[in-house]
Number of protein chains: 2
Amino acid sequence: MRTAIATVCLSGSLTEKLTAAARAGFDGVEIFENDLLASPLTPEEIRARCADLGLTIDLYQPMRDLEALPEDEFARALRRARHKFELMRRLGADTVLVCSSVHPLAVDDDALAAEQLARLAGLAHEHGIRVAYEALAWGRHVSTYDHAWRIVEAADHPALGTCLDSFHILSRGSDPKGIEDIPGEKIFFLQLADAPRLAMDVLQWSRHYRCFPGQGGFDVAGLVRHVLATGYTGPLSLEVFNDVFRQADPGPTAVDGRRSLLVLQEQTGAATPPEPVVPTGIAFAELVTPDPAPLAAVLGALGFTRTARHRGKPVDLWEQGDARILVNTGPAARRDGTRLAAIGLQSPDPAGAARRAEALLAPVLPRRRAPEDAPLDAVAAPDGTELFFCGGRTPRQPDWRADFTDLAPSAPDTGTGRIDHLALTQPWHHFDEAALFHRAVLGLNAQESVDLADPYGLLRSRAVANADGSVRLALTVGAAPGDATVHARHIALACDDVVAAARRFRAAGGRLLPVPANYHDDLAARFDLPEEELAAYRELGILYDRDPDGGEFRHCYTRTTGHVFFELVQRDGGYQGYGAANAPVRLAAQHTAGDLTGG
Amino acid sequence: MRTAIATVCLSGSLTEKLTAAARAGFDGVEIFENDLLASPLTPEEIRARCADLGLTIDLYQPMRDLEALPEDEFARALRRARHKFELMRRLGADTVLVCSSVHPLAVDDDALAAEQLARLAGLAHEHGIRVAYEALAWGRHVSTYDHAWRIVEAADHPALGTCLDSFHILSRGSDPKGIEDIPGEKIFFLQLADAPRLAMDVLQWSRHYRCFPGQGGFDVAGLVRHVLATGYTGPLSLEVFNDVFRQADPGPTAVDGRRSLLVLQEQTGAATPPEPVVPTGIAFAELVTPDPAPLAAVLGALGFTRTARHRGKPVDLWEQGDARILVNTGPAARRDGTRLAAIGLQSPDPAGAARRAEALLAPVLPRRRAPEDAPLDAVAAPDGTELFFCGGRTPRQPDWRADFTDLAPSAPDTGTGRIDHLALTQPWHHFDEAALFHRAVLGLNAQESVDLADPYGLLRSRAVANADGSVRLALTVGAAPGDATVHARHIALACDDVVAAARRFRAAGGRLLPVPANYHDDLAARFDLPEEELAAYRELGILYDRDPDGGEFRHCYTRTTGHVFFELVQRDGGYQGYGAANAPVRLAAQHTAGDLTGG
């Protein structure tokens with residue numbers, strides 16, 4: 001099926017929007033009237049620009065408040081329409097959207113609405129144009145898709161059809177099943193948007209909080225299935241009003257939108273990209289650093305041993321049990337300092353995983369970094385993190401391991417020998433995009449997003465994980481662009497006994513993040529914890545959480561090295577979270593310690 | 001009356017919050033539990049810090065989900081309470097807030113709630129503590145203030161009273177008149193917040209969108225009058241949860257909050273600051289620039305004449321009719337380039353206006369810049385703009401004019417000889433603050449705020465004006481911190497005939513902002529404008545708007561010099577707006593022209 005995107009989804013000038021849409025692989029665009037009005041290009045130049053970019057203009061959106069009007073008002077509206085049809089001829093657009101009226105003089109008279117829409121369609125027909133009539137969720141008299149369709153049916157004009165919009169239909173809680181009663185050839189257009197489930201005024205919700213399909217709470221795929229069942233052959237077109245998208249770089253937003261349509265097409269059987277290959281474990285986490293000494297000290301204190309060195313590159317492998325961390329002192333490190341830059345995902349089918357990722361528009365990285373290296377499939381996540389798909393019979397014997405020369409035997413697991421999760425802070429505008437990417441490309445499941453109160457602003461966090469929890473990624477974004485808090489990322493190591501692990505770390509010279517005594521006083525008030533246990537938590541800065549089912553979470557943090565720190569976590573009783581309740585205290589402690597600086 | 005602020009209103013560590021509250025002149029604070037938990041200071045150290053800063057701790061906020069519980073749950077809650085009362089003793093806080101329960105096991109049983117609250121109050125009493133019970137708007141069984149009061153009355157314990165919160169009361173639409181039925185001595189605390197009128201889930205509304213009294217849509221002053229009528233003698237305390245405040249510098253936020261309470265006290269008769277002195281005109285606008293030549297060219301083309309020079313400073317006066325513009329090439333210019341830095345407001349009582357501003361916490365600027373200068377009262381607005389209060393018998397003969405040596409006779413009014421309005425872009429987090437400042441300090445009236453779609457993000461704009469429209473300020477803020485669009489400010493000059501004025505400007509070498517032809521094609525479609533009029537608009541880049549009552553607005557823009565541009569505006573038929581409908585086209589045209597750059 002053809003895919004399109006409304007220019008209002010993207011930030012920038014009309015030229016920037018068209019370029020971004022074409023680069024992301026859309027077939028067409030809806031041109032939003034204000035984008036055209038504000039453009040210095042003539043309609044003919046816009047038409048030529050679209051043609052050069054391989055884009056069709058599938059819809060023009062100038063019309064509103066047209067039907068069920070007093071005759072003199074309708075005459076004025078027809079006069080406007082004539083101007084717009086002439087403009088569309090110059091533009092080369094053949095379908096116009098007409099939204100149901102919010103005009104104060106519009107009357108509740110379906111027969112009049114049908115008669116006037118038929119007259120409008122007659123005028124449009126003379127210009128070779130089709131009219132697609134859509135019910136706005138807040139339309140004055142027409143606010144549901146079935147009502148709009150009844151009026152179109154009554155008007156009975158070949159140049160008049162209906163436009164369906166998933167937001168307007170699903171935000172009102174309408175049952176989309178009835179769509180199948182509409183003949184496919186009378187559905188002139190299909191606009192798609194998702195939205196988080198918010199209890200708020202529908203107009204505000206629509207204008208500021210829409211998102212791409214799969215990023216919100218609506219069953220957009222279910223709706224599309226009903227539309228496809230009618231025989232609809234028009235494009236799937238995104239129409240999203242979102243305050244964040246308005247400010248974000250339009251290139252990534254367009255790619256994000258097209259990925260959402262690819263996933264939607266897969267869900268509805270309209271396309272069959274390569275199947276997802278769900279990762280089965282974390283093969284490694286890769287840190288880049290200009291100076292390996294501080295990291296080496298931390299890793300050593302955590303029980304890791306430097307076991308091998310890459311044959312061709314300045315990369316060391318540190319191991320402990322099943323946890324593997326690469327320390328890369330190559331050129332990338334000099335740019336951004338010490339940071340978590342790449343993740344190796346254990347994959348039952350690395351090539352298949354990479355094909356899936358590529359089909360869903362993840363940039364593919366070169367397979368071989370050097371001729372002698374094992375080929376390693378890799379893509380870039382939206383935030384720039386490199387994702388390597390690692391094969392091999394077992395996680396302990398991956399293909400990539402052969403590129404390394406042994407230095408020392410693999411260290412025994414001293415109690416922190418598994419990566420529990422990786423916390424990946426995201427650029428400000430990439431939050432919904434990141435969650436969709438990890439779900440769609442990697443086949444991970446997303447949890448609900450939560451707000452975390454940092455002393456200097458709210459953060460939003462959302463975790464994605466595979467079914468058995470052997471791959472868990474926590475995605476966090478700041479409340480506004482430029483929030484320095486979110487530069488630091490961390491690696492959480494699973495422990496059977498966090499108290500013992502923290503003691504060993506400290507005894508080996510490691511520095512733990514101090515936690516205020518007030519926090520532990522509060523733990524004493526809230527939970528009936530044994531006195532000696534609480535004393536150990538106080539001493540080591542261990543935080544505690546308990547879920548409603550009695551699952552328990554004990555965790556503590558190391559001080560930060562560059563933009564990286566480590567967490568030691570102990571999960572008991574089926575605890576599935578990440579200690580979000582403790583995040584404000586942890587973040588404040590890191591600010592106090594000076595561990596969360598910009599850069 | 002005493003004033004207080006909850007630490008949750010302010011950004012930063014507890015220490016930073018306390019410092020900001022004290023500097024803004026608050027008498028006390030409410031300490032929010034998470035701020036204490038996250039602080040490395042012990043309760044005793046916090047107590048000492050507050051004492052050093054002259055702050056009392058008027059409320060501690062740790063309690064929730066306490067009443068109408070099954071006995072075993074209540075026993076656990078009492079255990080927690082005992083810990084917290086002990087903490088409060090260390091902290092030196094004698095009142096604790098208990099919010100109505102949202103506990104899943106809480107039952108709808110007022111008698112049980114009263115009995116358990118009485119037991120809690122008994123325990124509190126042993127520690128010298130009072131319990132203030134408050135109805136949350138989303139409480140499970142108790143969600144209105146009168147219901148909470150009935151339970152307190154039934155419990156009948158001297159250490160139990162009620163806490164009133166303006167947000168919880170007004171967001172539910174409760175009638176605050178009934179507050180007067182509560183004995184003042186049983187109102188243990190009063191929390192104040194305003195909020196914009198949003199149709200959204202009350203919990204989300206409360207947690208993210210509260211603002212200071214006078215900044216939103218609630219009649220907070222009316223509520224406070226009812227509370228004062230009871231004989232309440234406790235503090236007026238601000239409790240505002242706001243995503244923007246969480247990120248903003250706490251110093252200005254605290255000042256803003258205290259100003260809102262001062263205005264509230266005035267409105268309720270609890271304080272009598274000097275009366276507002278409403279400005280009667282714009283005496284001058286002052287531009288600073290490192291290089292006066294480009295500005296001189298623009299001003300000359302606009303019909304201004306350089307009429308005088310300041311005796312002691314590098315400041316020129318340019319005049320045309322009643323419009324006066326100062327061009328200052330002093331040291332400030334070298335820092336930030338060409339910008340609109342100060343406004344002279346014609347005032348019937350400059351000293352009174354300055355006293356009012358100072359009483360409402362505007363920083364007072366030195367009255368005399370040099371011994372020979374006329375004394376000029378001046379304050380800084382929240383955005384740093386200097387506001388001068390100018391006296392003199394008429395606007396044409398102001399006091400300050402005597403500091404200038406004549407260079408040339410005042411130019412005749414060539415049709416642009418009056419300042420219509422000044423557009424003052426605001427730092428990101430100062431939007432509500434700016435509107436409150438201009439209303440409260442200057443006695444101006446605020447209009448509704450509107451969203452303006454810039455190609456690179458939404459802007460918000462709100463105008464303030466005096467009754468006859470002779471002083472109009474348009475305040476605009478970007479959608480996010482760091483938005484470069486909002487650096488440019490502008491001066492709008494009133495014209496009787498904008499076409500003639502624009503032609504003269506262009507003939508004199510001035511450069512007008514080009515407006516896309518598509519915009520004028522749309523005007524032709526929307527309005528029945530005479531062909532020759534439209535041709536002139538196309539030629540000159542004139543924009544057009546019409547209000548529902550037939551009022552008309554014609555306006556065009558000059559190109560930008562540094563961070564300053566000019567607008568020529570023609571108002572007819574009582575048009576009161578600022579052409580917001582045209583702002584997206586204007587902003588896009590400025591981006592196209594490269595006129596809106598950062599800096």
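Protein chains get the first letters and strands the later ones, always in sequence-line order, with residue 1 at the start of each. Side chains are part of it too, since the values below use all heavy atoms of this structure and drop only hydrogens, waters and symmetry mates.
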Participant: Where do A:Ala38 and B:Pro584 come nearest, in terms of heavy atoms and distance?
Facilitator: CB-O, 4.4 Å
Participant: Measuring heavy-atom distances to chain A, does B:Thr42 have an atom under 4.5 Å in its side chain, in its backbone, in both, or in neither?
Facilitator: backbone
Participant: How about CZ on A:Arg546, more than 12 heavy atoms from neighbouring residues, nucleotides or ligands closer than 6.0 Å, or not?
Facilitator: yes
Participant: Could you tell me which portion of B:Phe527 (side chain, backbone, both or neither) has an atom closer than 4.5 angstrom to a non-hydrogen atom of chain A?
Facilitator: backbone
Participant: Quick check on B:Pro43 against chain A: is it the side chain, the backbone, both or neither that has a heavy atom closer than 4.5 Å?
Facilitator: both
Participant: Taking side chain as everything from C-beta outward and backbone as N, CA, C, O, which of these in A:Leu14 sits under 4.5 Å from a heavy atom of chain B? Side chain, backbone, both or neither.
Facilitator: neither
Participant: Could you tell me which residues satisfy salt bridge (charged side-chain N to carboxylate O under 4.0 Å, His left out) with A:Arg80, sequence neighbours excluded, listed by chain and number?
Facilitator: none
Participant: Can you establish whether the number of heavy atoms outside A:Arg64 located under 6.0 Å from its atom CZ is more than 12?
Facilitator: no
Participant: Side chain, backbone, both or neither: which part of A:Glu86 has a heavy atom under 4.5 Å from chain B?
Facilitator: neither
Participant: I need the minimum non-hydrogen distance between A:Ser11 and B:Pro455, along with the two atoms involved.
Facilitator: OG-O, 3.4 Å
Participant: Which atoms of A:Pro250 are under 4.5 Å from chain B, going by heavy atoms: the side chain, the backbone, both sets, or neither?
Facilitator: neither
Participant: Can you give me the closest heavy-atom contact between A:Ser39 and B:Pro516, atom names plus distance?
Facilitator: O-CB, 3.0 Å
Participant: Can you tell which part of A:Ala524 gets under 4.5 Å to a heavy atom of chain B, answering side chain, backbone, both or neither?
Facilitator: both
Participant: How long is the gap from CG on B:Asn34 to OH on A:Tyr519, to the nearest 0.5 Å?
Facilitator: 10.5 Å
Participant: Are A:Arg90 and B:Asp521 within salt-bridge range, i.e. N to O under 4.0 Å?
Facilitator: yes
Participant: Applying salt bridge (charged side-chain N to carboxylate O under 4.0 Å, His left out), can you list everything that pairs with B:Arg47, at least two apart in sequence or on another chain?
Facilitator: none
Participant: Is B:Asp451 in contact with chain A via its backbone, its side chain, both, or neither, using a 4.5 Å heavy-atom distance?
Facilitator: side chain
Participant: Treating B:Arg79 as the side-chain partner and A:Ala525 as the backbone partner, does any N or O pair qualify as donor plus acceptor under 3.5 Å?
Facilitator: yes
Participant: Give a yes or no on whether A:Arg82 atom CZ has more than 12 heavy-atom contacts from other residues, nucleotides or ligands under 6.0 Å away.
Facilitator: no
Participant: If you take all heavy atoms of A:Gly12 and B:Tyr456, which pair is closest and at what distance?
Facilitator: CA-CE2, 3.2 Å
Participant: Please state whether the side chain, the backbone, both or neither of B:Leu41 comes within less than 4.5 Å of a heavy atom of chain A.
Facilitator: backbone
Participant: Are the side chain of A:Asp243 and the backbone N or O of B:Leu458 linked by a donor-acceptor pair below 3.5 Å?
Facilitator: no
Participant: Do other residues, nucleotides or ligands put more than 12 heavy atoms under 6.0 Å from B:Arg49 CZ?
Facilitator: no
Participant: Nearest 0.5 Å, what's the CG-CG distance between B:Leu36 and A:Asp522?
Facilitator: 9.0 Å
Participant: Under 4.5 Å from any heavy atom of chain B, what part of A:Lys84 do you find: side chain, backbone, both or neither?
Facilitator: side chain
Participant: With chain A as the partner, which of B:Asp35, B:Val585, B:Thr592 has the greatest number of non-hydrogen pairs under 4.5 Å?
Facilitator: B:Val585
